[in-house]
**Student:** 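A single structure is presented below for examination.
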Amino acid sequence: MRRRDETPAVRTRSGPRRSEAARIAVLRAADDLLADVGYRGLTVGAIADRAGVAKQTIYRWWHSKAAVLLDVLEEDLGDAAPWPKRAEGRRAALETHVTHLSRLFTESPTGRVLFVLIGLALHDPGTATTLRGRVLERQRQHDRERMRALLAPHARTAPARYDADQLLDLLAGPAFHRAFTTRRPLDATFVRHLTGTALAYWRADAPSRRPSDRLSDRRTPSPCSAPGAAFTPPRSRPSR
């Protein structure tokens with residue numbers, strides 16, 4: 001959650017113009033309460049009390065506590081930016097990224113909010129659509145561009161979207177799985193082996209890919225790399 005002293009730019013939304021100070025207070029309150037009492041204990045009334053705003057004020061800006069948490073996650077991901085600003089070499093940069101991402105999933109308030117919203121998205125199509133379309137898609141675009149920029153100096157042609165998406169999935173998948181199953185981050189040895197294997201796969205696969213394949217990748221990403229594909233709620237069974 002943003003803790004900087006400077007005042008962020010006011011976001012434009014439908015409805016009454018809201019105080020940026022109040023917005024930040026609500027997001028911080030929701031973030032802190034989620035850590036203190038969990039999602040079941042989190043209520044709009046409790047958020048309002050801790051933020052020092054009226055309950056009606058929150059409902060005027062957000063329709064539910066899940067909507068507040070979506071804004072918390074969007075704010076947190078913008079602050080977290082799990083990509084190194086400087087690193088010595090491509091592999092070192094990827095190791096730093098994976099380590100940061102793994103710790104974000106397991107040791108940060110951002111990871112806690114993310115896992116709560118994933119659980120909600122499995123049962124609520126509205127939450128799933130917003131999480132995937134507004135939050136995760138934006139983060140995916142950011143990560144894809146960073147990955148393509150990292151690969152570009154080592155490729156004969158500009159890395160395609162497919163190349164970046166594959167590497168992102170190969171690197172993020174183990175970090176997410178470890179966090180989900182054990183709540184522990186990846187250890188340094190695993191991170192080194194993971195990044196080395198992923199880069200070796202990319203180097204071996206890149207020469208076999210034709211230009212036509214790269215062009216088609218930009219139009220049709222693989223299902224595994226579609227942002228938020230795993231968060232689409234299952235359809236209800238038809239009644240007999």
Side-chain angles (χ1 to χ4, degrees), residues 1-4 8 24 27-39 42 68-122 131-132 134-151 164-199 201-202 224-225 227-231:
M1 188 62 241
R2 188 189 301 264
R3 303 288 179 181
R4 304 189 183 101
I24 293 298
L27 297 186
R28 287 182 180 175
D31 207 6
D32 293 342
L33 281 169
L34 184 65
D36 293 344
V37 301
Y39 185 74
L42 183 68
V68 177
L69 290 180
L70 283 164
D71 271 15
V72 170
L73 179 61
E74 188 174 20
E75 193 86 14
D76 283 353
L77 286 176
D79 289 345
W83 282 95
K85 293 182 178 180
R86 294 180 180 179
E88 296 181 359
R90 176 182 54 183
R91 183 167 178 174
L94 291 181
E95 288 179 4
T96 301
H97 169 66
V98 174
T99 299
H100 190 148
L101 189 63
S102 181
R103 290 176 179 170
L104 183 146
F105 287 154
T106 57
E107 300 174 355
S108 75
T110 305
R112 180 172 53 246
V113 175
L114 174 63
F115 277 99
V116 166
L117 288 171
I118 289 173
L120 294 173
L122 291 173
L131 177 62
R132 180 174 57 248
R134 193 187 84 200
V135 182
L136 297 182
E137 170 63 16
R138 183 177 301 173
Q139 185 65 35
R140 184 69 168 196
Q141 290 175 356
H142 170 76
D143 291 342
R144 183 184 296 123
E145 291 308 310
R146 294 299 301 269
M147 180 66 79
R148 294 177 76 174
L150 192 64
L151 297 177
D165 281 347
Q166 271 201 328
L167 275 177
L168 287 171
D169 288 342
L170 287 170
L171 296 173
F176 184 89
H177 182 266
R178 180 75 64 87
F180 184 76
T181 56
T182 70
R183 296 300 299 168
R184 295 179 180 177
L186 300 176
D187 58 86
T189 300
F190 187 95
V191 169
R192 286 195 299 270
H193 286 308
L194 174 63
T195 53
T197 301
L199 284 172
Y201 169 80
W202 175 73
C224 66
S225 66
F231 308 128

**Student:** To the nearest 0.5 Å, what is the distance between CG (L167) and CG (D143)?
**Tutor:**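 One finds 12.0 Å between CG of L167 and CG of D143.
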**Student:** Are D31 and D76 side-chain neighbours, meaning at least one heavy-atom pair lies under 4.5 Å?
**Tutor:**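 They are in contact (side-chain heavy atoms under 4.5 Å apart), so the answer is yes.
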**Student:** Measuring from atom CG of L94 to atom CG of L101, what distance do you get when rounded to the nearest 0.5 angstrom?
**Tutor:**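 Interatomic distance, L94 CG to L101 CG, rounded to 0.5 Å: 11.5 Å.
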**Student:** Please walk me through it: do Y39 and L120 pass side chain to side chain contact (heavy atoms under 4.5 Å, CB included)?
**Tutor:** CA-CA 10 Å; Y39 185 74; L120 294 173; 3.5 Å; yes
**Student:** Are the side chains of W202 and L170 in touch, meaning some heavy atoms are under 4.5 Å apart?
**Tutor:**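 Side-chain contact under 4.5 Å: no.
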**Student:** A side-chain contact here means heavy atoms from C-beta on lying under 4.5 Å apart; do L70 and V113 qualify?
**Tutor:**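 The answer is no; the side chains never approach within 4.5 Å.
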**Student:** So, the side chain of S102 versus the backbone of V98: is there a donor-acceptor pair under 3.5 Å, distance only?
**Tutor:**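 Absent.
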**Student:** In the structure I gave you, are the side-chain heavy atoms of T110 and F105 within less than 4.5 Å of one another anywhere?
**Tutor:**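 No; the side chains remain at least 4.5 Å from each other.
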**Student:** If you compare all heavy atoms of V37 against all heavy atoms of L42, which two are closest, and at what distance to 0.1 Å?
**Tutor:**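 Smallest heavy-atom distance, with atoms named: CG2-N, 3.8 Å.
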**Student:** Could you measure the distance from the CG atom of L69 to the CG atom of L27? Nearest 0.5 Å is fine.
**Tutor:**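 Between L69 CG and L27 CG, I get 9.5 Å after rounding to 0.5 Å.
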**Student:** Among L73, L122, L136, find the one that has a side chain to side chain contact (heavy atoms under 4.5 Å, CB included) with L117.
**Tutor:**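 Of L73, L122, L136, side chain to side chain contact (heavy atoms under 4.5 Å, CB included) with L117 is met by L73 alone.
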**Student:** Should P174 and H177 count as side-chain neighbours, where that means a heavy-atom distance under 4.5 Å?
**Tutor:**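 No. Closest side-chain heavy atoms not under 4.5 Å.
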**Student:** Just how far is it from atom CZ of R184 to atom OG1 of T106, taken to the nearest 0.5 Å?
**Tutor:**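 Between R184 CZ and T106 OG1, I get 11.0 Å after rounding to 0.5 Å.
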**Student:** Are more than 12 heavy atoms from other residues, nucleotides or ligands located less than 6.0 Å from atom CZ of R183?
**Tutor:**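 Check passes, neighbour count above 12.
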**Student:** Please determine, by modelled atom types, if Q141 and E145 share a side-chain donor-acceptor pair under 3.5 angstrom.
**Tutor:**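 Result is no, nothing qualifies.
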**Student:** Could you give the distance from CG (L199) to CZ (R90), rounded to the nearest 0.5 Å?
**Tutor:**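 Answer rounded to 0.5 Å: 5.0 Å.
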**Student:** With D165, which of R144, M147, R148 fulfils side chain to side chain contact (heavy atoms under 4.5 Å, CB included)?
**Tutor:**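 Result: among R144, M147, R148, R144 is the only option passing the side chain to side chain contact (heavy atoms under 4.5 Å, CB included) with D165.
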**Student:** Answer yes or no: is there a side-chain heavy-atom contact under 4.5 Å between R134 and E74?
**Tutor:**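 A side-chain contact exists here, since the closest heavy-atom pair is under 4.5 Å.
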**Student:** Atom CD in E107, atom NE2 in H100: separation rounded to 0.5 Å?
**Tutor:**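 Taking CD in E107 and NE2 in H100, the distance rounds to 10.5 Å.
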**Student:** Using every non-hydrogen atom in the two residues, find where S108 and L104 come nearest and quote the distance to one decimal.
**Tutor:**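 It is OG-O, 2.6 Å.
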**Student:** Are F176 and F115 close enough that their ring centres sit under 6.0 Å apart?
**Tutor:**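 F176 vs F115: aromatic centres under 6.0 Å.
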**Student:** Looking at D169 and R140, does any basic side-chain N land under 4.0 Å from a carboxylate oxygen?
**Tutor:**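 Yes.
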**Student:** Could you check whether any side-chain heavy atom of H142 comes within less than 4.5 Å of a side-chain heavy atom of Q139, counting everything from C-beta outward?
**Tutor:**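 When only atoms from C-beta onward are counted, Q139 and H142 do touch, with a gap below 4.5 Å.
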**Student:** If you define the side chain from C-beta out and look only at heavy atoms, does anything of T99 sit under 4.5 Å from L186?
**Tutor:**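 Contact flag for T99/L186 side chains = no.
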**Student:** Can the positive tip of R178 be found less than 6.0 Å from the middle of the six-membered ring of F190, inside 45° of the ring normal?
**Tutor:**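 Because its charged atom sits under 6.0 Å from the ring centre and within 45° of the axis, R178 does stack over F190.
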**Student:** Thinking salt bridges, do E95 and R192 make one under a 4.0 Å N-O criterion?
**Tutor:**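 Salt bridge: no.
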